[in-house]
Amino acid sequence: MWLRSIMLLATTIDGKGNFRCPFFTGFWSNFTGHSLSLSGGCFAWLGSLLIFSAALGWLAGSMVERIRRMADGYGNYENMKGATVIVGYNRDHTHLMIENLIAGQDGDDKIVLLTKSSEAELAEGVYLVKAERLDALASLKRAAIRQANKVLVYAGSDAETFNTCLAIRELNETLHIAAFFDDRDTARRAAQIAGLEAIVSNASEALVRAAQDPGAGNILMALSAANVGATIYSAAVGGTVSTTALTAALANNDASLIALSGPGDSDYRFLPFPEHLHVGGSFYYLCSARLTANQISKGLGDVPVIV
């Protein structure tokens, strides 16, 4: 209908019954200084319209193909900044990890999953990157590792996890890496060599706690999940602060101080706490939601808090 209307507006019939295209023939004459016949003007216009339609169709097809490739895991997110990257896919655990990342309220709004699996089930909004190897530098670059905010590694074996962590460290020397290992010795070596936070299963310990103190096992599980009640959050101080003042500041926000670690320390201090936490030290608190830096620092005077 719209094409017919344009044709009617653009063409007229002269006194001899011939079709004229005054708009297009006039434009052509003014632009080139030469007259254009009736059929030449109309067919030139129709030709331009066909070329435009073909170009539009090619552009639309290219966009659809690009979107399809991204959905199939062949997109490139190398220029994405501040992403949270999950390396490795586990049907029983990955979706829970994503749920807890979102519930943790730590700015994990751009989640990228790098996987070898062809049957990965993704939550809405998660960016998919498929690769033959998780430790390939090209694949890690596509998964936004270079400018990522944090990365979680859950590969199929400890060896693959270790190699992947080393490859990640090649691309980003300061990125915080959390990686799961089955073997405690491998986890310890990986933490020392790759500078990462190694996580091992505490099922044995949790089982003993549940047997000796009924309910303790369930509480430990609940505390580790951000989407179930309260959980553990961390922050750091930009100056020396009294632990008494820190405890009070957290209590004012319905939070409880549970542990401290000094700058550069791998050990944690529980009650009784030292008198002061020095600049660069981290503290860990139990709360139903992550607190902002302003909420905590209100009771600490001029000491800044980094969350």
Side-chain angles (χ1 to χ4, degrees), residues 84-106 108 111 113-117 119-123 126 134-135 150-166 168-169 175-234 255-261 265-271 282-290:
T84 297
V85 183
I86 300 175
V87 180
Y89 176 79
N90 183 291
R91 185 176 59 183
D92 297 325
H93 299 290
T94 301
H95 70 283
L96 292 175
M97 294 162 61
I98 294 173
E99 287 181 10
N100 278 277
L101 282 170
I102 296 172
Q105 304 170 338
D106 194 33
D108 301 296
I111 300 176
L113 173 64
L114 172 61
T115 176
K116 297 187 298 182
S117 174
E119 300 179 354
E121 298 178 2
L122 294 182
V126 176
L134 298 180
D135 61 349
K150 62 176 75 78
V151 59
L152 300 82
V153 184
Y154 200 129
S157 67
D158 281 1
E160 187 177 30
T161 298
F162 204 159
N163 289 335
T164 300
C165 290
L166 292 176
I168 291 171
R169 194 54 80 204
L175 178 65
H176 179 64
I177 304 174
F180 178 82
F181 294 89
D182 288 313
D183 182 69
R184 293 177 183 269
D185 290 334
T186 304
R188 176 180 51 81
R189 285 191 292 269
Q192 293 175 348
I193 296 173
L196 53 84
E197 185 169 353
I199 304 299
V200 295
S201 173
N202 67 340
S204 300
E205 295 89 337
L207 186 61
V208 172
R209 301 306 315 127
Q212 293 182 338
D213 297 282
N218 291 330
I219 291 177
L220 289 173
M221 290 181 60
L223 289 179
S224 65
N227 59 350
V228 180
T231 192
I232 301 170
Y233 299 99
S234 68
S256 300
L257 180 64
I258 58 174
L260 304 172
S261 65
D265 289 347
S266 57
D267 295 329
Y268 301 94
R269 300 289 300 273
F270 301 94
L271 282 170
S282 298
F283 60 93
Y284 304 84
Y285 62 94
L286 185 64
C287 192
S288 58
R290 186 182 300 276

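Any value given below was found using the heavy atoms of this structure, including those in side chains, with hydrogens, waters and symmetry copies removed.
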> Counting only N and O atoms by type, is there a donor-acceptor contact under 3.5 Å from the side chain of Ser288 to the main-chain atoms of Ala230?
Replying inline: no

> Do other residues, nucleotides or ligands put more than 12 heavy atoms under 6.0 Å from the CZ atom of Arg269?
Replying inline: no

> Does Leu175 offer a backbone N or O that forms a donor-acceptor pair with the side chain of Arg169 under 3.5 Å?
Replying inline: yes

Identify each donor-acceptor pair in which a side-chain atom of residues 185-202 lies under 3.5 Å from a protein atom, sequence neighbours left out, and give them as a table.
residue	atom	partner	partner atom	Å
Thr186	OG1	Asp183	OD2	3.0
Glu197	OE1	His176	NE2	3.4
Ser201	OG	Ala203	N	3.3

> Would a 4.5 Å heavy-atom cut-off, applied to side chains only, mark Leu101 and Ile86 as touching?
Replying inline: yes

>> Measuring only between side-chain heavy atoms, which start at C-beta, is Phe162 closer than 4.5 Å to Asp158?
In response: no

> Out of curiosity, Thr84 OG1 to Asp108 CG, how far, rounded to the nearest 0.5 Å?
Replying inline: 3.5 Å

> Got a second to check how far Arg209's CZ is from Leu220's CG, nearest 0.5 Å?
Replying inline: 8.0 Å

>> Looking at every heavy atom in both Tyr154 and Asn90, which two are closest together, and how far apart are they?
In response: CE2-ND2, 4.0 Å

> Do you know the tightest heavy-atom contact between Tyr233 and Ala289?
Replying inline: CE1-C, 3.5 Å

> CG/Leu114 to OH/Tyr89 distance, rounded to the nearest 0.5 angstrom?
Replying inline: 14.0 Å

> Which heavy-atom pair separates Asn163 from Asp135 by the least distance, and what is that distance?
Replying inline: CB-OD2, 3.7 Å

> Taking side chain as C-beta onward, heavy atoms only, is Thr161 less than 4.5 Å from Cys165?
Replying inline: yes

>> Once rounded to the nearest 0.5 Å, what's the spacing between atom OH of Tyr285 and atom CD1 of Ile258?
In response: 10.5 Å

>> Distance check, rounded to the nearest 0.5 Å: Thr115 atom OG1 versus Leu134 atom CG?
In response: 7.0 Å

> Looking at CD1 of Ile111 and OG1 of Thr94, how far apart are the two atoms once the value is rounded to the nearest 0.5 Å?
Replying inline: 11.5 Å

